[in-house]
Amino acid sequence: MSSTDRRSFLKTAALGAAATWIQPELGALYALPTGASLRVGVIGCGRQGRTILAELAKIEGVSVTAICDVDERRLSSSSRRAPEAKTYPDHKALLEANEVDAVIVATPTHLHVGPAIDALSAGKHVYCEAPLAHTVEDAQAISKAAKGASVVFQAGFLGRSNPVYKLARSFVRSGAIRDVISMRAQYRKKQSWMSPSNDPAREKLLNWKTNPEVSLGLAGEFGAQQLDVLQWFTGKYPLAVSGAGSVVAWPDGRKMNDTIVCTLEYPGGVQTHYEATLGNSLGGTHEEIFGTMGAVRLAWTHGWMFKEADSATQGWEVYANRQSFHNDEGITLIADATKLAAQGKLKEGVGLPEPSIYYGIADFVKSVVEGADVATSASEGLRATVVGILAAQAVATGQRVEIDPALFEG
Amino acid sequence: METVRLAALAMGTRFEAVLVGEDAGFLRAAGEEALELISDEHVRLSRFEPDSVVSHVNRNASSDWVGVDGEFAELLRLCAQAVSASGGAFDPTVTSSSDCGWAGVELDGRRIRFHEPGLSLDFGAIAKGWALDLARVALLDAGVERALLHGGTSSVLAIGAPPERAGWGVALGEKGAPQCSLRDSALGVSAPNGEAGGEGHVLDPGSGVAANRVAIAAVVSESAAWADAWSTALVVRGEDLPLRNGVKTAFLPRGEALDCADAWRLNDAGSFQFP
């Protein structure tokens with residue numbers, strides 16, 4: 001890779017010592033304008049749906065009027081979080097009742113397409129969890145429906161709404177780590193991915209993630225989300241992906257790999273190494289971008305910048321909060337740092353004040369109520385989903401898969 | 001019969017689960033789901049996590065009403081009941097000026113606000129039990145019939161009993177310590193010094209000084225959250241707090257032997273009614 005190629009990898013010019021510290025607003029709590037209200041329905045009440053219900057409750061002016069799940073137990077446990085909401089066993093009845101302005105689709109990935117398209121047809125604003133779908137066809141269908149609708153559609157790729165990530169991105173885009181040479185991301189959690197049930201039908205319903213017929217596995221469920229962060233930071237999408245996977249942590253007869261690796265190739269020779277496992281939890285979930293003058297590590301609630309010894313020191317680094325990782329020292333990325341430092345409260349700014357999902361949901365509500373720009377559009381959601389689907393395909397087949405940019409058009 | 005043991009770190013301690021049944025894969029999945037729920041409650045209820053619901057309330061409720069989800073509002077109402085029933089001996093608030101406490105909290109359906117600057121919520125004395133109660137719902141829903149879960153050994157939840165046993169035996173301390181037997185019930189244990197020893201970590205909400213009336217307080221109740229809250233109240237008020245609402249309690253006044261023979265009568269476990 002020539003020096004010119006590396007430089008052009010980031011569209012913005014590398015400013016080096018002149019890098020300015022652009023500070024996005026720390027997602028201060030979002031409240032609807034006085035008098036405004038929004039009725040929201042949540043379709044899919046598993047763990048993610050329950051989490052979303054708690055975040056919706058924080059936004060004044062938003063009321064959850066309907067929740068939906070085919071599983072009665074999940075519906076009743078979610079009712080505890082949204083006691084005023086009417087409950088529906090299927091999304092069509094929820095939409096027919098016509099008591100919502102917007103819906104959140106948080107069903108299993110392969111069951112996004114029905115509720116998402118039906119809600120758009122019914123004129124409802126839609127937030128659809130990531131990845132959009134488990135097949136390119138379904139993802140394209142959702143994207144097409146969203147583009148043809150006059151309502152807001154937001155794809156649930158959360159890096160684009162996260163204040164720590166926005167801050168980190170502004171650093172990277174302004175050249176703070178200079179030329180990007182490689183990227184890496186990981187998802188590690190010790191968890192079997194099995195849900196318990198004594199009823200075979202319910203067990204099949206709950207255990208969709210380990211079913212290769214409908215699940216993208218780790219590459220799709222987490223990879224798509226994490227790889228989108230790297231795509232958003234660099235503005236580049238991969239040209240090809242190779243992968244491999246195996247069942248090593250949970251040899252219980254499952255076909256879905258519990259431990260995977262992928263390599264993604266980007267224009268100009270940059271590569272991303274992605275690894276995910278359900279057998280070990282070290283390091284948890286994070287993404288890293290390595291440049292010639294430094295690196296950033298992003299861990300959803302936290303972010304750090306690591307500088308090379310020969311990179312220029314910025315004035316603000318003097319008062320920056322730092323954290324040690326063995327032989328490396330990371331500068332903690334704190335949104336609103338200048339203001340907090342002036343108040344002597346820099347430490348209080350370490351870590352996101354709200355969960356990452358809050359900012360995605362708040363962005364969606366803001367787009368619906370105030371017409372703000374959509375944080376992750378249907379097109380961006382489709383691209384990120386396609387990358388996840390092809391990465392899953394590479395892992396499942398062990399083959400290198402070229403990514404045809406035509407697939408990004410839906 | 002298979003036995004599956006699982007553990008997770010949450011709420012500043014280690015939660016363990018022992019599940020007994022026919023199918024190890026099923027038990028593991030059920031236990032994982034229960035521990036995942038407990039981890040989720042840690043994320044929601046820890047005042048040391050900036051992105052928890054508690055931190056969200058603590059940051060914002062002094063200036064305005066703060067909306068919370070229905071389940072969090074349930075926990076707030078349970079706290080209000082425990083504060084009232086214990087005469088303030090249980091109080092899930094911390095405050096810089098010590099005379100207000102829970103009285104400075106106003107609840108309105110799914111909204112909360114504070115009337116005193118510097119007030120904040122601290123569910124440390126009830127969160128483990130609350131999380132165990134949620135875990136129990138999930139385990140019973142899944143069809144688990146025999147399980148013992150505990151958080152840091154001070155909050156214990158029993159579902160059913162081990163095969164051919166009347167209940168899960170739990171010792172209150174070292175070998176030779178009093179024991180109780182739990183079946184479809186929960187145990188909360190509090191001590192002024194906790195595991196760390198030294199200065200008492202349970203403060204009397206009335207005076208703000210470390211409680212030292214009793215050496216240990218243990219409560220059996222249908223609800224693990226209630227057992228947690230009530231054992232804390234007992235450490236603060238000791239024998240002054242009357243046995244009430246059918247909760248059988250055992251506590252050890254300083255320097256006296258613990259006699260809890262009456263406290264662990266199994267037919268009383270689960271008979272508790274909220275005030």
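A, B, ... follow the sequence lines: proteins, then strands. Residue 1 opens every chain.
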>> Heavy-atom pairs under 4.5 Å with chain B: which of A:Met194, A:Glu60, A:Gln191 has the most?
In response: A:Gln191
>> Between B:Glu71 and A:Arg50, does any side-chain N to carboxylate O distance fall below 4.0 Å?
In response: yes
>> Less than 4.5 Å to any heavy atom of chain B: does that hold for the side chain of A:Thr51, its backbone, both, or neither?
In response: neither
>> If I take atom CG from residue B:Asp51 and atom CH2 from residue A:Trp300, how far apart are they, to the nearest 0.5 angstrom?
In response: 13.5 Å
> With only heavy atoms counted, which part of A:Val62 is less than 4.5 Å from chain B, the side chain, the backbone, both or neither?
Replying inline: neither
> Taking all atoms of both residues into account, what is the closest heavy-atom pair of A:Asn198 and B:Ala142, and its distance?
Replying inline: ND2-O, 3.5 Å
>> Restricting to non-hydrogen atoms, name the atom on B:Ala30 and the atom on A:Pro196 that form the minimum distance, rounded to 0.1 Å.
In response: CA-CG, 3.3 Å
> Under 6.0 Å from the NZ atom of A:Lys189, do we count more than 12 heavy atoms belonging to anything else shown?
Replying inline: yes
> Heavy-atom count around A:Lys366 NZ within 6.0 Å, excluding the residue itself: above 12?
Replying inline: no
>> With a 4.5 angstrom heavy-atom cut-off, is it the side chain or the backbone of B:Leu134 that approaches chain A, or both, or neither?
In response: side chain
> Using non-hydrogen atoms and a limit below 4.5 Å, what part of residues 33-42 of chain B faces chain A?
Replying inline: B:Glu33, B:Glu36, B:Leu37, B:Asp40, B:Glu41
> With a 4.5 Å heavy-atom cut-off, do A:Pro83 and B:Arg110 have their side chains touching?
Replying inline: yes
>> Please identify, among B:Arg28, B:Arg111, B:Arg59, the residue contributing the most non-hydrogen atom pairs under 4.5 Å to chain A.
In response: B:Arg59
>> Please check if the number of heavy atoms outside B:Glu106 that lie under 6.0 Å from its CD is greater than 12.
In response: yes
> Tell me, side chain or backbone of B:Val66 under 4.5 Å from chain A's heavy atoms, or both, or neither?
Replying inline: neither
>> For the interface with chain B, which of A:Ser197, A:Ser76, A:Ala82, A:Ser79 has the highest count of heavy-atom pairs at distances below 4.5 Å?
In response: A:Ser197
> Any chance CD of A:Gln323 has more than 12 other-residue heavy atoms, nucleotides or ligands included, within less than 6.0 Å?
Replying inline: yes
> Could you walk me through whether A:Leu53 and B:Asp69 pass the side-chain contact (heavy atoms from CB on, under 4.5 Å) check?
Replying inline: CA-CA 7 Å; A:Leu53 286 171; B:Asp69 62 88; 5.7 Å; no
>> At a 4.5 Å cut-off on heavy atoms, which part of A:Trp193 comes close to chain B: side chain, backbone, both, or neither?
In response: backbone
>> Quick check on B:Asn60 against chain A: is it the side chain, the backbone, both or neither that has a heavy atom closer than 4.5 Å?
In response: side chain
> Measuring heavy-atom distances to chain B, does A:Glu84 have an atom under 4.5 Å in its side chain, in its backbone, in both, or in neither?
Replying inline: side chain
> Which atoms form the tightest heavy-atom contact between A:Arg80 and B:Glu74, and what is the distance?
Replying inline: NH2-OE1, 2.7 Å
